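If you're wondering where the values come from, they're calculated on a predicted model, not measured in any experiment. Below, read A as the first sequence line, B as the second, and so on, with proteins coming before strands; counting in each chain starts at 1.
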2 protein chains.
Amino acid sequence: MASQAMFAEIAALSGDPARASMLHALLDGRALTATELAKAAGVTAQTASGHLGRLTAAGLLSVEKQGRHRYHRLASASVARMLESIMAVAAELQPDRARLSVGPKDAALRRARTCYDHLAGRLGVGLADAMIAQGHVELTNDAGILTDPGIAFLRDIGVDVAPIMARRTSRSGRVLCRPCLDWSERRPHLAGALGAALCAHCFDQGWTRRLVGTRAVVVTPKGERAFRSSFGVALDDRGGEVRRG
Amino acid sequence: MASQAMFAEIAALSGDPARASMLHALLDGRALTATELAKAAGVTAQTASGHLGRLTAAGLLSVEKQGRHRYHRLASASVARMLESIMAVAAELQPDRARLSVGPKDAALRRARTCYDHLAGRLGVGLADAMIAQGHVELTNDAGILTDPGIAFLRDIGVDVAPIMARRTSRSGRVLCRPCLDWSERRPHLAGALGAALCAHCFDQGWTRRLVGTRAVVVTPKGERAFRSSFGVALDDRGGEVRRG
DNA sequence: AGAATGCTTCGGCCTTCGCCGTAACATCCG
DNA sequence: CGGATGTTACGGCGAAGGCCGAAGCATTCT
């Protein structure tokens, strides 16, 4: 089968440590330069250039030329989903001891991060849990549904629901959404159009801010208040559970 | 990050052509012996043994000893999902010309095959489409929902709905189901508990039968009648579209 | 017990490929 | 127009690992 060779090629490209680091860095959906990616992977610019060339030639990355910079990004959402699914397996196979002995950078990532176009980590799972508790969404590991009160809620807090509504089913008009297994929390959070819209809203409103050079995001004081008042979510700074009020 | 190394290891393991062939062969959910997998990968038994040892050590496969045979299978559903997601990317990146120039084995695979625990190919997509048309399920690329008439329908034709009903959401009791992007049809078919139950029923009733040494399945005459009468689905043998009556 | 089958281990060959140093090309800046 | 910065091309080094033949266990069959 022809696609079998393609399969192996894609997996092999993702399987080199340096390239894996680059893909990992790109998993937050932003476009990064070759130099930034070289630093992320811990290799020289020449080596990174070679890797990026191969990833782009295969179609996993797309490049955008801007002046003397070349911005690389994941070619499509399906590539992001593939990376997520590999991470899910990695998390599942990861011995528990390795998950406990991690540095402060990991702690920040586990607290809140972006996952291509939506929020993940304790924040992402916490927001999902809050919306479930309030009857705004229903979620399983396999699928999810956004309820009418949930649509009203999102509209209330100012989320642009148009891209979400565009995906409702043709027959009943119900709004389905995609869950994404959180590799650090091992529970589903909101992905798909809903997760993307919610994430975009958080950045627009200044509730969250990206940390440079990492996929981690910080919750601003304004965000703390908003998440508490609108969602009833408070993130414990000392690594504990998410609390719902 | 510790999981980053794990990520690269998993992808690298999946990225070798011989191992990719083995994983591919195991994607139908059955357990195969080392010799069968060696033949599938086109390598000698010694080489296959080495590969299988590495895949098992990493946790991607699980082994079951039975007499002088050792049966290998995918370790978990998340591994199967990962493989599917890589295939989805491969299908997306595949140039169209390569998809047209394929042999008869590919034709059989595209007509009907298993995808870990559910049906795929034109048959899988056709069944999904039929259930959508009759209002039994609603499906998007991201998620799906099984309607009350759909539950009744499945019960009518004798499907064991218990494992499906066990997954309904806690609040409203709605039954969500997982779509899976079909790499040959590029459209979603039914996966998750619903897809697994439906697939199991097809084999139980003798509607479909596995072809030895491949993931392809054949539709029996009895199956032809059942699919036509219960689903309104007829598969065109000459590679055309699925027809709904 | 002896033979056959399934699988694994070991040793050696050989290709692949990741890496960097050097150097060239491209773009922006003063 | 030089100089600085970002990126790519080339060549060579070295390690990793895939492959097989030969041989060794383990299990089953006769």
Side-chain angles (χ1 to χ4, degrees), chain A residues 4-26 30-73 75 212-213, chain B residues 4-26 30-73 75 212-213:
Chain A
Q4 191 131 331
M6 199 66 164
F7 175 103
E9 186 184 334
I10 291 171
L13 283 171
S14 309
D16 174 76
R19 287 193 294 264
S21 297
M22 294 177 178
L23 292 171
H24 219 86
L26 290 169
R30 279 180 299 182
L32 301 176
T33 66
T35 308
E36 290 172 309
L37 289 168
K39 203 188 300 179
V43 294
T44 61
Q46 314 90 287
T47 302
S49 176
H51 286 313
L52 292 170
R54 294 183 59 179
L55 289 169
T56 305
L60 292 176
L61 300 185
S62 66
V63 189
E64 206 171 315
K65 209 171 153 183
Q66 247 180 52
R68 60 180 161 182
H69 295 275
R70 301 194 66 177
Y71 285 94
H72 302 261
R73 68 168 69 244
V212 288
Chain B
Q4 190 130 334
M6 198 67 164
F7 176 102
E9 186 184 333
I10 291 170
L13 282 171
S14 309
D16 174 76
R19 286 193 295 263
S21 298
M22 294 177 180
L23 293 170
H24 220 85
L26 289 168
R30 278 182 300 182
L32 301 178
T33 66
T35 307
E36 288 172 312
L37 289 167
K39 203 188 301 179
V43 294
T44 61
Q46 316 88 286
T47 303
S49 176
H51 286 313
L52 291 170
R54 293 183 62 179
L55 289 169
T56 305
L60 291 176
L61 300 185
S62 66
V63 189
E64 206 172 316
K65 210 173 152 182
Q66 248 180 52
R68 60 182 163 183
H69 296 275
R70 300 194 67 176
Y71 285 94
H72 301 261
R73 65 169 70 245
V212 288

Tell me every residue that passes side chain to side chain donor-acceptor pair (under 3.5 Å) with [X], counting only those two or more places apart in sequence or in another chain.
X: His51(B); answer: Arg19(B)
X: Thr44(B); answer: Gln46(B), Thr47(B)
X: Ser14(A); answer: none

I'd like to check the side chain to side chain contact (heavy atoms under 4.5 Å, CB included) partners of [X]; sequence neighbours left out, ordered by chain and number.
X: Ala41(B); answer: Ala18(B), Ser21(B), Met22(B), Val43(B)
X: Glu36(A); answer: Leu32(A), Thr33(A)
X: Arg30(A); answer: Asp28(A), Arg210(A)
X: Ala31(B); answer: Tyr71(B), Arg73(B)

Inset, instruction - Go through residues 38-60 of chain A and report each residue with a non-hydrogen atom lying under 4.0 Å from DNA chain D, sorted by number. - result: Ala45(A), Gln46(A), Ser49(A)
Inset, instruction - Only one of Thr56(A), Thr35(A), Val63(A), Leu52(A) passes side chain to side chain contact (heavy atoms under 4.5 Å, CB included) with Arg70(A); say which it is. - result: Val63(A)
Inset, instruction - Taking all non-hydrogen atoms of both residues into account, name the closest pair between Ala48(B) and Ala34(B) and its distance. - result: CB-O, 4.3 Å
Legend entry - Atom of Ala75(A), atom of Gly59(A) and distance for their closest heavy-atom approach: CB-O, 3.1 Å
Legend entry - First and last nucleotide of DNA chain D, 5' to 3', lying under 4.0 Å from heavy atoms of chain A: dA4(D) to dA9(D)
Inset, instruction - Could you run through nucleotides 25-30 of chain C and give me one letter per nucleotide, 5' to 3': B if any protein heavy atom sits under 4.0 Å from the base, S if only the sugar-phosphate is that close, - if neither? - result: --BS--
Legend entry - Leu61(A) vs Leu23(A) side-chain heavy atoms within contact, under 4.5 Å: yes
Legend entry - Nearest-Å distance for atom pair CG/P, residues Asp16(B) and dT15(C): 17 Å
Inset, instruction - Starting at atom CD of Glu9(A), determine the distance to atom C1' of dC17(C), rounded to an integer number of angstrom. - result: 14 Å
Inset, instruction - Nearest 0.5 Å please: distance from the CG atom of Leu37(A) over to the OG atom of Ser49(A). - result: 11.0 Å
Inset, instruction - Please list, chain by chain and in numerical order, all residues satisfying salt bridge (Lys or Arg N to Asp or Glu O under 4.0 Å) with Arg54(B), sequence neighbours excluded. - result: none
Inset, instruction - With axes from five pairs an end, tell me the bend angle of the helix from dA1(C)-dT30(D) to dG30(C)-dC1(D), nearest 10°. - result: 20°
